[in-house]
Amino acid sequence: MSDETVEESGRYPFREIEKTWQVRWADASVHRAENESSRPKHYVLVMFPYPSGSGLHVGHCKNYVPGDVAARFKSMQGFNVLNPMGWDAFGQPAEQDAIKNGVNPRQIVPKLAEIYKKQLDILGVSYDWSREINTTSPEYYRWNQWIFLKLFEKGLAYRDFAPVNWCDNDKTVLANEEVVDGKCWRCGSVVQKRPLAQWKFKITAYADKLIEGLDKINWAEGVKTQQREWIGRSEGAEVDFAVMASPNPDNGEPKVENSESGSPLLGLGDKITVFTTRPDTLWGATFMVLSPEHPLVSQITTPEQKSSIESYISEAAKKSEADRTDDTKEKTGVFTGAYAVNPVNDAKVPIWIADYVLTGYGTGAIMAVPAHDQRDFEFARKYNLEIKVVVQPEGEKLDGATLDAAWPGDGTMASSGVIDGIPAGKGEGESVKAAIVHLATLGAGRGKIQFRLRDWLISRQRYWGTPIPIVHCLACGIVPVPESELPVVLPDIEEYRPGPDGRSPLSTVPEFVNCACPKCGGKAERETDTMAGAMDSSWYFLRFADPKNSERAFDTKIANDWMPIDTYIGGREHAVGHLLYCRFFTKFLHELGLCDADEPAASLKNQGMLNAYTPILSGTDKAIKPEEFVHYPREDWIAAYNQNKKPIPAERYVELDGVKSVEPIEVEFSWLKMSKSKKTAVTPDEMAEKYGADALRLYILFEAPFESDIQWSEERMNGTFRFLGRVWDIIMNVIEGSPSPDNAPDPSNGGPDKESEVRALRRKTHQSIAKVTDDLENFRFNTAVSALMILSESLRKFVNAGGTSHPAAREAAEALVLLLAPMAPHLADELWSRLGAEGFLYRTDWPKSDPALAAEDELTVVVQINGKLRDKLVVPAGTSREEQEAAALASEKIQSDLSCLTVRKVIVVPGKLVNIVAN
RNA sequence: GGGCGAGUGGUGGAACGGUAGACACGCUGGUCUUAGGAACCAGUGCCGAAAGGCGUAGGGGUUCAAAUCCCCUCUUGCCCACCA
């Protein structure tokens, strides 16, 4: 862009300035973090991106920009700042691209990384690029493998044949977190259950520690609560129910055995163990329910019930997780024909199966207490099962026969043998403790803490990931690859598509698969699963401390110097995924003695999203892409829709069985996450070209609070652009000492010669320093920008009134530039050097506010009568309580308003207000 | 159903329990001009000519004083949803 065009735009030459300073910063490596430093450390980390083909759009800047402001601010405050960036590049999107384009993802990733890096540089983000990492490089993923081996060594990585979530469309297994409403989070197709040998990490072993650690980290309560619930700790007991002998086939009646005299047990002494948080209600357990997948079901089912049980099981298998867990549906189940014995009262309880009992939680079996659990109650009513009340609420006498809902609340134990009469209550309740003691004496149960959290499924039947460093030997079984042989390098392959059997594409590469057993030297095969991408991001923050280490994952001393992350920035959507995994890893590595920190991030900040006004199908939240429309007069529609908020009739193309046609639709607009695929993406490149990166940065900071969503508007961005133009003009005036511009207001009434004007400007300067410092410290960027606007306005007025070369103007100009530096770094550095200073603002001291200069010498005091504003007074600072009250009462306005009232009481807040209570 | 948020002008948003609407966008009028994506000046919550009154989703409450704290209702966002 030529200078002439810049001149024509009437704005400051932002393109030239931004380019110049980006080159200077890079040449001087100003943003490099020092491993040895006398300055205190500050580690700022923004969650690293997943480079995809579409590159960055301005929505992504919602976290990178504030992260950069935090880093620059801390650096100016004298901290040795670590602000690194890298690429989380293993995983599906890159692989899908590769499949589509027939290229190896390893060729695409570096190109994407280059694009991202360039875009981030255009934004002027102060990353220490010497620490750039790429999770797909063998130098990185060999340490994934190393950590895997450590987990294996400690028994925390294991192979399991549990049923897994299978997406038939993507041909892959999904983690529980990747299943949304029983559907694949990526493609939306229904997830099936399939048994497959998988590698898992025993995150459940850290369940308690993961809950306890939450208390000492400064994360949003919402995120912490989500984690607590996800881990789902509940206290209760396990209870064993003995299964009774098969009913007599002769008469079809179950044979009631006397448990006291003979053994009621079937053959091998089968028992069903259940978990309950209410062992105290055991006397009210009138039946049991197993999940359809429970292993005992086939053994205990009687011949008469066999066919109905089998058909129920096959129906249940067909249902998606979404259907099964929809609690609005009526509960269904089938009787197995078998009975068990309630260990506390020897009652004969029928055993049912029902899909409301989940295989994955507890033992996959429950004791049903219909009187005190609503689900069991509904089930009992439907199938005419006994309802026995064992907790009587205060002042009531419930009867199972007439109950219309379960009573889950407190009360007194009744009909409960040895615990009769004890106060009943969940958790800390005495009755629960007493029941557990009693169970222990019977040998039929024990106290137990149950977690909802499941072990972390790490296996992927995918190409683009870290190979799992395990060898399967016919003779030795599962053998870990020796550390000295790491990395197990991901080979180049031709076909990335997984086979229809769901096995990893790596299984098709004999040179990879076939190997010698590290233990016996015999023929063996490599594990062909790769690791989930979440593995990479679970410890990358430690690698950033020591990214080039070829001997170890990271040096412990260096890691200790940097950890924990002081400010971690990322989206709320990672609350129970990444943010839980990385805490688990940090705790594990801590226990290995590899780092002092046992929590990765001392403080976590969650940014809001940036949304774009997107056309949607009326009555849904489904976006319609512009190319689907037959005609799409966007601007007109938006205007029309905004005016009367009524759907706009339109037409779109549809393709049914290969036949294209046009269908009428109704269109509305809604604020949805900016996205390339919805064609709502605006790139930072084009905005930087048009308005400059500084203006874009300022827009993102100013438009809404950090945690709130932004509704993207280029029109508003124009506002921060104009502000920067004004800053440029004002400070150039100060620098050049030029007289006020032609269109400045007449300086005749009051000029900077007046001592009060000078004092006022200096006050504003020092107040602004204090305000902006506090705001940046607390991520209140929007009000920080506003404070700068106010300061620049004060300076502009002062300059226009002829104060161009006054020292107070110089002081204000310097403060303005310094305070602006973290947010609009290019313009700030340019003006700073034009103001005659040396060096980069990144390493320049943050200004200090002088409280004496910031103090007001006059204060406005509000006078209220009965809380309503009646008058305002200006009093000198330091006016006493009494003087202030007297002045208020002396006010003419107040006198007249009080004329027919009696003063009852006067409240005085010095320097603030006087409230006169009168009637 | 549960958990956590949120509801303030035409718009984005400000407001330690103490002047509601800072700062912007937009809009209205004006100045200037090399007619620009300008710049500058003035105005802009609602009703009212004014005095004044009314105003922070709605209704109660606490308080000298409530957008802010408490209770109820409504609306809305996100997350989890048969967890025994």
Side-chain angles (χ1 to χ4, degrees), chain A residues 8-11 180-181 220-226 228-230 232-234 236 274-278 281 289 322 324-329 331 354-358 360-369 372-376 378-379 450-453 572-573 575-576 609 642 671 690-691 699 702-705 707-711 713-723 725-726 729 741-746 780 782-790 793 796 800 860-872 904-909 911-918:
Chain A
E8 268 173 13
S9 77
R11 299 288 78 195
V180 179
D181 283 342
E221 274 315 310
V223 172
K224 289 198 204 178
T225 306
Q226 269 189 63
R228 278 191 201 99
E229 282 175 3
W230 191 262
R233 182 183 200 273
S234 43
V274 300
F275 172 73
T276 175
T277 53
R278 293 296 300 274
T281 62
V289 188
R324 281 193 56 173
T325 58
D326 184 353
D327 61 0
T328 59
K329 288 224 177 84
K331 290 171 181 43
D355 63 8
Y356 80 90
V357 175
L358 308 173
Y361 182 73
T363 60
I366 62 160
M367 64 178 213
V369 186
H372 306 293
D373 181 286
Q374 188 58 29
R375 294 159 298 175
D376 298 344
E378 287 164 23
F379 196 79
Q450 183 69 46
F451 295 95
R452 267 170 92 167
L453 181 69
R572 289 174 187 84
E573 68 273 19
V576 289
M609 287 187 309
N642 284 346
W671 290 99
K690 224 163 156 183
Y691 304 96
Y699 164 76
F702 181 59
E703 184 66 358
E707 318 79 42
S708 307
D709 293 351
I710 283 181
Q711 302 179 353
S713 153
E714 193 176 324
E715 189 174 79
R716 283 179 180 281
M717 216 199 77
N718 205 16
T720 54
F721 173 66
R722 292 200 304 236
F723 165 64
R726 275 200 301 278
D729 290 344
D742 300 342
N743 56 8
D746 180 14
R780 289 191 300 253
N782 56 331
T783 49
V785 174
S786 139
L788 292 178
M789 288 172 167
I790 294 168
E793 199 54 20
R796 197 171 65 86
N800 285 351
T860 302
V861 170
V862 175
V863 186
Q864 298 175 329
I865 295 174
N866 295 331
K868 287 199 191 265
L869 176 68
R870 292 297 164 189
D871 199 11
K872 292 179 190 179
R904 300 288 173 200
K905 192 175 172 187
V906 180
I907 312 279
V908 180
V909 182
K912 275 261 157 112
L913 95 163
V914 177
N915 188 15
I916 300 161
V917 186

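Convention: sequence-line order gives letters A, B, ...; per-chain numbering from 1. Atom set for the values below is all heavy atoms of this structure, side chains included, hydrogens, waters and symmetry mates excluded.
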Measure the distance from [atom1] on [X] to [atom2] on [N] and round it to the nearest whole Å.
{"X": "A:Arg233", "N": "B:rC83", "atom1": "CZ", "atom2": "C1'", "answer": "15 Å"}
{"X": "A:Lys224", "N": "B:rC79", "atom1": "NZ", "atom2": "P", "answer": "21 Å"}
{"X": "A:Gln711", "N": "B:rG12", "atom1": "CD", "atom2": "C1'", "answer": "7 Å"}
{"X": "A:Glu703", "N": "B:rA14", "atom1": "CD", "atom2": "P", "answer": "11 Å"}
{"X": "A:Phe723", "N": "B:rC25", "atom1": "CZ", "atom2": "P", "answer": "11 Å"}
{"X": "A:Glu707", "N": "B:rC79", "atom1": "CD", "atom2": "P", "answer": "18 Å"}
{"X": "A:Arg278", "N": "B:rC83", "atom1": "CZ", "atom2": "P", "answer": "14 Å"}
{"X": "A:Leu453", "N": "B:rC80", "atom1": "CG", "atom2": "C1'", "answer": "14 Å"}

May I ask you to test the [X]-[Y] pair for a side-chain heavy-atom distance under 4.5 Å?
{"X": "A:Thr720", "Y": "A:Tyr691", "answer": "no"}
{"X": "A:Val289", "Y": "A:Tyr356", "answer": "yes"}
{"X": "A:Asp373", "Y": "A:Ile366", "answer": "no"}
{"X": "A:Met717", "Y": "A:Lys690", "answer": "no"}

Measure from the side-chain heavy atoms of [X] and tell me the nearest of [options].
{"X": "A:Thr276", "options": "B:rC40, B:rA84, B:rA14", "result": "B:rA84"}
{"X": "A:Glu229", "options": "B:rC82, B:rA84, B:rG3", "result": "B:rG3"}
{"X": "A:Asn915", "options": "B:rG18, B:rA81, B:rG37", "result": "B:rG18"}
{"X": "A:Arg716", "options": "B:rU19, B:rC25, B:rG18", "result": "B:rC25"}
{"X": "A:Arg796", "options": "B:rC16, B:rC40, B:rG12", "result": "B:rC40"}
{"X": "A:Arg722", "options": "B:rC83, B:rA38, B:rG13", "result": "B:rA38"}
{"X": "A:Ile907", "options": "B:rG13, B:rC40, B:rC64", "result": "B:rC64"}
{"X": "A:Leu869", "options": "B:rU19, B:rG12, B:rA15", "result": "B:rU19"}
{"X": "A:Glu714", "options": "B:rG37, B:rC25, B:rC23", "result": "B:rG37"}
{"X": "A:Val862", "options": "B:rC82, B:rU19, B:rA84", "result": "B:rU19"}

If you measure from [atom1] on [X] to [atom2] on [Y], what distance do you get to the nearest 0.5 Å?
{"X": "A:Leu453", "Y": "A:Arg233", "atom1": "CG", "atom2": "CZ", "value": "13.0 Å"}
{"X": "A:Thr276", "Y": "A:Met367", "atom1": "OG1", "atom2": "CE", "value": "4.0 Å"}
{"X": "A:Arg716", "Y": "A:Gln711", "atom1": "CZ", "atom2": "CD", "value": "8.5 Å"}

Integer angstrom distance from the [atom1] of [N] to that of [M]:
{"N": "B:rC40", "M": "B:rC23", "atom1": "P", "result": "15 Å"}
{"N": "B:rG9", "M": "B:rA14", "atom1": "P", "result": "14 Å"}
{"N": "B:rA20", "M": "B:rA66", "atom1": "C1'", "result": "11 Å"}
{"N": "B:rG21", "M": "B:rA67", "atom1": "C1'", "result": "11 Å"}
{"N": "B:rU8", "M": "B:rG13", "atom1": "C1'", "result": "9 Å"}
{"N": "B:rU11", "M": "B:rC27", "atom1": "P", "result": "15 Å"}
{"N": "B:rU56", "M": "B:rU68", "atom1": "P", "result": "9 Å"}
{"N": "B:rA15", "M": "B:rC69", "atom1": "P", "result": "14 Å"}

Practice problem: Mind telling me if B:rG9 is syn or anti? Syn here is a glycosidic angle within 90° of 0. | Solution: syn
Quiz prompt | Distance-only side-chain donor-acceptor flag, A:Gln450 / A:Tyr361, under 3.5 Å | solution = no
Does [X] put a side-chain nitrogen or oxygen below 4.0 Å from OP1 or OP2 of [N]?
{"X": "A:Lys868", "N": "B:rA20", "answer": "no"}
{"X": "A:Arg572", "N": "B:rG5", "answer": "no"}
{"X": "A:Asn782", "N": "B:rA14", "answer": "yes"}
{"X": "A:Arg870", "N": "B:rG53", "answer": "yes"}
{"X": "A:Arg375", "N": "B:rC83", "answer": "yes"}
{"X": "A:Ser234", "N": "B:rA84", "answer": "yes"}

Who does [N] pair with, Watson-Crick or G-U, both distances under 3.5 Å?
{"N": "B:rA67", "value": "none"}
{"N": "B:rA81", "value": "none"}
{"N": "B:rG52", "value": "B:rC47"}
{"N": "B:rA39", "value": "B:rU31"}
{"N": "B:rG17", "value": "none"}

Is [X] touching bases, backbone alone, or none of the nucleic acid, heavy atoms closer than 4.0 Å?
{"X": "A:Lys690", "answer": "base"}
{"X": "A:Gln374", "answer": "nothing"}
{"X": "A:Ile790", "answer": "sugar-phosphate"}

Quiz prompt | Along RNA chain B (nearest heavy atom to each residue), the more 5'-positioned of A:Gly222 and A:Gln226 | solution = A:Gly222
Quiz item: Considering heavy-atom distances to RNA chain B, does A:Thr225 or A:Ala787 have its closest nucleotide positioned more toward the 5' end?
Solution: A:Thr225
Quiz item: Taking all non-hydrogen atoms of both residues, which atom of A:Val917 and which atom of A:Asn866 are closest, and how far apart?
Solution: CA-OD1, 3.4 Å
